[in-house]
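These numbers come from a predicted model, not from an experiment. Remember, it's 1-based here, ligands and their atoms both numbered in the order they're listed.
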Amino acid sequence: MKIVVGNRKLGILLSGRGSNFAAIADRIAAGALDAEIALVISDQESAAGLAEARRRGLETAFVPAAGRSRESFDRETVERLRQRGVSLVCLAGFMRILGPFFVRAFPNAILNIHPSLLPAFPGLDAQKQALDHGVRFGGCTVHFVDESLDGGPIVSQAVVPVLDGDSVDDLSARILAAEHRIYSEAIGLVLDRRCEIDGRRVAVTNE
Ligand code: GRF
């Protein structure tokens with residue numbers, strides 16, 4: 001099934017630092033990614049990424065999560081994304097799990113980036129999990145979001161070595177540099193309608 005997004009408007013969801021968001025915004029500003037960030041949403045009012053989005057003059061929203069159901073949060077977020085005409089939702093360090101309501105509202109139109117070579121090390125602290133396991137290579141994965149945790153079809157991955165003596169910070173920094181590169185590339189592939197999903201596999205076509 002070819003993934004056809006309706007326009008090139010992105011909605012970014014983040015909870016923290018926002019370096020992946022900034023990398024995407026930089027690529028757009030440089031003319032290397034043909035897209036528009038229509039809205040940046042955070043569940044954390046004090047997220048550095050939200051402040052950075054404001055500094056860049058982007059439309060932002062804080063959607064509080066405390067004291068409400070997952071579906072209530074998801075409904076408000078979906079409503080805001082729809083109001084801004086967003087076609088592709090990009091999770092960039094967004095620390096909440098999206099419920100079925102959200103995933104069904106944007107079928108095959110939500111991407112996430114995860115700092116491991118999935119399906120290895122899903123969930124939190126993926127870089128520490130990789131180090132503790134003793135793997136020789138780590139990396140990152142951009143995948144479509146479905147109702148599983150870090151389990152949707154994979155668009156793109158990058159591999160980095162684990163070096164002797166690496167700390168979690170060392171490995172995380174090496175992976176992060178790769179994240180900043182492949183996330184924009186994967187977004188471009190989806191926006192250019194070059195992704196076809198067949199079961200778990202994503203084929204990338206030339207046109
Ligand atoms: C990244 O490592 C990303 O893979 C994970 O959360 C981290 C977010 O970093 N999902 P940042 O907020 O984009 O700097």
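For the pairing with Leu13, the side-chain contact (heavy atoms from CB on, under 4.5 Å) check across Val40, Ile41, Val63 returns one residue only, Ile41. Considering Val103, Asn112, Asp146 as possible partners of Leu98, the one that fulfils the side-chain contact (heavy atoms from CB on, under 4.5 Å) test is Val103. Among Asn20, Ile28, Ile24, the one residue that satisfies the side-chain contact (heavy atoms from CB on, under 4.5 Å) test with Ser184 is Ile24.
For the salt bridge (Lys or Arg N to Asp or Glu O under 4.0 Å) condition, the pairs that include at least one residue of residues 170-198, sequence neighbours left out, are Arg8-Asp192, Asp166-Arg174.
Judged by the 6.0 Å distance and 45° axis criteria, Arg82 is positioned over the aromatic ring of Phe106.
Checked by atom type, the side-chain pair Thr141/Gln157 shows a donor-acceptor distance below 3.5 Å.
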List below, pair by pair, the N or O atoms of ligand 1 and of the protein that are less than 3.5 Å apart, including the distance to 0.1 Å; reply 'none' if no pair qualifies.
{"unit_1": "ligand 1", "atom_1": "2 (O)", "unit_2": "Glu179", "atom_2": "OE1", "d": "3.3"}
{"unit_1": "ligand 1", "atom_1": "2 (O)", "unit_2": "Glu179", "atom_2": "OE2", "d": "3.0"}
{"unit_1": "ligand 1", "atom_1": "4 (O)", "unit_2": "Ile113", "atom_2": "O", "d": "3.4"}
{"unit_1": "ligand 1", "atom_1": "4 (O)", "unit_2": "Glu179", "atom_2": "OE1", "d": "2.7"}
{"unit_1": "ligand 1", "atom_1": "4 (O)", "unit_2": "Glu179", "atom_2": "OE2", "d": "3.3"}
{"unit_1": "ligand 1", "atom_1": "9 (O)", "unit_2": "Arg17", "atom_2": "NH2", "d": "3.1"}
{"unit_1": "ligand 1", "atom_1": "10 (N)", "unit_2": "Ile113", "atom_2": "O", "d": "3.0"}
{"unit_1": "ligand 1", "atom_1": "12 (O)", "unit_2": "Gly18", "atom_2": "N", "d": "2.7"}
{"unit_1": "ligand 1", "atom_1": "13 (O)", "unit_2": "Ser19", "atom_2": "N", "d": "3.3"}
{"unit_1": "ligand 1", "atom_1": "13 (O)", "unit_2": "Asn20", "atom_2": "N", "d": "2.8"}
{"unit_1": "ligand 1", "atom_1": "13 (O)", "unit_2": "Asn20", "atom_2": "ND2", "d": "3.0"}
{"unit_1": "ligand 1", "atom_1": "14 (O)", "unit_2": "Arg17", "atom_2": "NE", "d": "2.6"}
{"unit_1": "ligand 1", "atom_1": "14 (O)", "unit_2": "Arg17", "atom_2": "NH2", "d": "3.1"}
{"unit_1": "ligand 1", "atom_1": "14 (O)", "unit_2": "Ser19", "atom_2": "N", "d": "2.8"}
{"unit_1": "ligand 1", "atom_1": "14 (O)", "unit_2": "Ser19", "atom_2": "OG", "d": "2.5"}

